[in-house]
Trainee: 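Take a look at this one; I'll ask things after.
Labels below follow one simple rule: chain letters A, B, ... track the order of the sequence lines, proteins then strands, and each chain is numbered from 1.
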There are 2 protein chains.
Amino acid sequence: MTLTQLRYLIAIADSGFNITLAAEKVHATQPGLSKQLKQLEDELGFLLFQRKGRSLEAITPAGRDVLAHARRVLAEAGNIRAYAANERGEKQGRLTLVTTHTQARFVLPPAIAELARKFPDVSIHLQPASEGEVLDQLAGGLADFAVVSTAGDVPSGGLAVPLYRWRRVVLVPATHELAALGRAPTLAELAPLPLVSYESTNKPESSLRRAFADAGLEPQVAMTARDADLIKTYVRAGLGVGLLAEMAVSARDDADLRALPAPAAVPECVSWAVLPRERVLRDYALDLLLALAPQLDRSDLKRAVAGHDTPAWPAPPTWVELSQAITN
Amino acid sequence: MTLTQLRYLIAIADSGFNITLAAEKVHATQPGLSKQLKQLEDELGFLLFQRKGRSLEAITPAGRDVLAHARRVLAEAGNIRAYAANERGEKQGRLTLVTTHTQARFVLPPAIAELARKFPDVSIHLQPASEGEVLDQLAGGLADFAVVSTAGDVPSGGLAVPLYRWRRVVLVPATHELAALGRAPTLAELAPLPLVSYESTNKPESSLRRAFADAGLEPQVAMTARDADLIKTYVRAGLGVGLLAEMAVSARDDADLRALPAPAAVPECVSWAVLPRERVLRDYALDLLLALAPQLDRSDLKRAVAGHDTPAWPAPPTWVELSQAITN
DNA sequence: CGCGTTTACGTCGTTCGTAACGATA
DNA sequence: TATCGTTACGAACGACGTAAACGCG
């Protein structure tokens with residue numbers, strides 16, 4: 001058993017059991033992978049993939065178990081390499097983030113721009129995912145860290161670092177009746193109106209639905225969309241009243257719309273960075289995190305990542321405070 | 001970076017930085033290890049060991065971190081091998097248990113004898129350790145599982161499986177005044193007498209000390225010893241009243257002594273098997289566990305080890321019930 | 001001068017890529 | 001017939017062991 005064999009095994013499994021495709025991914029030849037796979041199977045004493053004729057058809061149950069362990073082996077080997085790269089002061093590498101659209105579109109850009117300026121040889125990969133998928137992707141080892149939002153709970157699946165607090169806003173065309181209201185509408189005022197909001201609103205446990213339900217009201221959700229840009233588009237089209245994250249509304253781009261605070265009963269949210277446990281992050285990943293959350297202390301963060309203990313995090317600023325701190 | 005290099009690294013660290021000694025342990029030559037170490041250091045870009053002249057003097061701080069990751073890599077690789085050996089129905093291998101003297105001397109023998117009969121090609125290694133060291137050794141990956149006892153708490157550091165319940169007994173020479181008592185002595189009756197018990201009694205948080213303290217009494221501990229045989233020896237010598245695990249007293253070997261139940265205020269203990277998380281156990285290890293605790297279900301156990309969830313364990317029998325079940 | 005590490009060197013095994021072959025849809 | 005996996009073969013690389021050299025106590 002060698003690290004190479006395990007790497008090939010993973011590549012084959014991740015290529016849909018296509019050895020030729022896997023060979024390209026690992027920059028090797030197809031017969032090379034074929035042979036190494038056979039050697040690994042010989043050493044272990046059983047087949048890792050079910051053959052149909054000469055083709056690989058599926059992974060065997062035992063293969064699935066071996067694969068899971070192989071991923072851990074390679075993850076740890078990767079940790080050693082990442083640690084060494086940090087130790088050497090290496091300035092190039094990859095950085096993969098998994099996050100939702102709102103974060104990627106409205107929050108991350110300045111921090112990522114700064115990172116790209118400071119580390120021009122780091123290739124940055126944004127992995128978009130829906131609210132629910134983010135932490136799954138992270139658990140799969142596909143990203144260096146995740147950025148997610150919750151209304152209340154601390155996200156699980158890793159070391160959760162609070163970044164900032166934010167509220168939702170009600171967004172309407174300038175001609176809409178609510179535009180002249182001059183204050184936050186109440187839940188009761190919103191309930192009869194057609195709402196346009198995020199897909200996650202469809203889930204019964206969404207904080208928005210809960211807020212209405214707690215007030216004995218049922219919201220009229222006219223439409224849900226995956227991202228804030230779509231929501232704004234349909235608000236402009238007069239489809240309904242937008243209810244979305246304050247980060248998604250800009251004074252410059254959305255001058256034709258009017259934003260009001262959401263009802264007080266709609267709870268505040270917190271955005272978090274979730275760092276996978278047992279994963280060594282490159283120093284530039286911590287840099288990005290610090291750019292996202294200036295209130296954090298670098299050595300605190302390093303100790304938390306290494307030591308597996310969760311310190312008392314500094315209270316996260318509001319989005320308004322944070323965005324001012326970043327632009328200054 | 002190869003698995004071989006990491007294995008050599010660990011061997012060198014575990015041999016007190018003596019490459020020659022490490023080479024013997026891994027069945028390779030000394031120059032081979034020397035060269036592989038150098039290659040690994042070259043690839044990582046920094047020294048793993050501090051050199052003094054030509055000798056290795058100590059591990060560097062970075063080396064310590066790399067070493068920790070390397071151990072995890074090799075542990076996972078070992079998991080793959082163990083899984084494969086199970087899959088193949090392999091009947092030979094190693095089994096290392098870490099446990100206290102009482103378990104090794106009075107509880108494990110019949111179960112281990114059965115294991116040795118069923119798996120003659122498995123070499124069994126009992127790693128003795130004091131009460132406090134057991135779980136540390138387990139965490140270090142040095143054993144397949146641990147057997148420990150607690151008075152109340154569930155042991156941490158792995159998947160804790162309750163094996164049996166047991167009580168302590170008061171042991172005196174046949175001529176001792178207590179011998180004729182015919183009932184359990186009270187704490188007050190024991191308090192003035194010189195006691196002979198385990199070393200762990202010295203710790204203020206020991207369940208024995210707590211029982212006396214809760215009754216407003218202070219025990220007179222005349223002597224502590226690491227193992228039950230020593231305690232019995234000194235009880236025979238008239239040094240005091242023995243207070244020890246019921247498993248350690250046998251009707252046959254200790255006919256010259258008299259055993260009384262301990263005071264009711266001395267709490268019952270539970271013996272546990274603690275299985276390291278994230279470690280694949282060989283099937284014969286589970287066999288041994290089942291021999292130790294017949295009330296367990298094999299598939300329950302397998303699921304618990306694989307699935308990381310702790311099921312509702314069956315209530316453990318008392319030692320008396322268990323020893324009858326084993327001898328039948 | 002013994003102990004332990006490093007360097008040098010020759011051999012062997014292994015891996016890898018190219019090319020040809022086989023099977024399948 | 002196109003696609004994908006296996007087999008065959010030759011070249012290159014790398015690992016390993018023996019032997020010798022080097023430093024240090």
Trainee: Would you kindly give the CG-to-P distance between A:Leu37 and D:dC4, to the nearest whole Å?
Mentor: 17 Å
Trainee: A:Pro276 and A:Leu138: which non-hydrogen atoms are nearest, and at how many Å?
Mentor: CG-CD1, 3.8 Å
Trainee: Could you tell me whether the side chain of A:Arg88 and the main chain of B:Leu44 form a donor-acceptor pair under 3.5 Å?
Mentor: yes
Trainee: Which whole-number value in Å describes the distance from A:Leu3 CG to D:dA15 P?
Mentor: 13 Å
Trainee: Does the side chain of A:Thr20 get closer than 4.0 angstrom to OP1 or OP2 of D:dT3 through an N or O atom?
Mentor: no
Trainee: Taking CD from A:Glu24 and P from D:dG5, how many angstroms apart are they, rounded to a whole number?
Mentor: 11 Å
Trainee: Between P on C:dC16 and NE2 on A:His27, what's the gap in Å once rounded to a whole number?
Mentor: 15 Å
Trainee: Report the distance from atom CG of B:Leu6 to atom P of D:dA15, rounded to the nearest whole Å.
Mentor: 13 Å
Trainee: Please state whether the phosphate of C:dG17, meaning OP1 or OP2, lies under 4.0 angstrom from any side-chain nitrogen or oxygen of A:Gln30.
Mentor: no
Trainee: Has A:Ser34 got a side-chain N or O lying under 4.0 Å from the OP1 or OP2 atom of D:dT6?
Mentor: yes
Trainee: Quick one: which of D:dG5, D:dA15, C:dT5 gets closest to the side chain of A:Ser55?
Mentor: D:dG5
Trainee: Please state how far atom NZ in A:Lys35 lies from atom C1' in D:dT6, giving the value in whole angstrom units.
Mentor: 11 Å
Trainee: Check whether any side-chain N or O of A:Arg51 sits under 4.0 Å from OP1 or OP2 of C:dA23, and answer yes or no.
Mentor: no
Trainee: Base, sugar-phosphate alone, or nothing: which one does B:Phe49 contact when heavy atoms must sit under 4.0 Å apart?
Mentor: nothing
Trainee: Look at the side-chain N and O atoms of B:Gln39 and state whether any lies under 4.0 Å from the OP1 or OP2 oxygen of D:dG14.
Mentor: no
Trainee: On a heavy-atom basis, which atom in B:Arg94 and which in B:Val122 lie closest, and how many Å separate them?
Mentor: C-CG1, 4.3 Å
Trainee: Name the one of B:Thr4, B:Thr2, B:Leu48 that satisfies side chain to side chain contact (heavy atoms under 4.5 Å, CB included) with B:Leu40?
Mentor: B:Leu48
Trainee: Whether A:Tyr8 contacts C:dC16 is assessed here as follows: a side-chain N or O lying under 4.0 Å from the phosphate OP1 or OP2. Is that the case?
Mentor: yes
Trainee: Taking 4.0 Å as the cut-off, does a side-chain nitrogen or oxygen of A:Asn18 come that near to OP1 or OP2 on D:dT3?
Mentor: no
Trainee: Go nucleotide by nucleotide along DNA chain C from the 5' end; which of A:Pro31 and A:Thr2 gets its closest nucleotide reached first?
Mentor: A:Thr2
Trainee: Has the side chain of A:Thr60 got a donor or acceptor atom that lies under 3.5 Å from a matching backbone atom of A:Leu47?
Mentor: yes
Trainee: Consider the side chain of A:Gln36, meaning its heavy atoms from C-beta on, and name the nucleotide among C:dC16, C:dA25, D:dG5 that approaches it most closely.
Mentor: C:dC16
Trainee: Please report, rounded to the nearest Å, how far the P atom of D:dA15 is from the CG atom of B:Leu40.
Mentor: 12 Å
Trainee: Does D:dC16 have OP1 or OP2 sitting under 4.0 Å from an N or O in the side chain of B:Thr29?
Mentor: no
Trainee: Figure out the CD1/C1' separation between A:Ile19 and C:dC16, and round it to whole Å.
Mentor: 16 Å
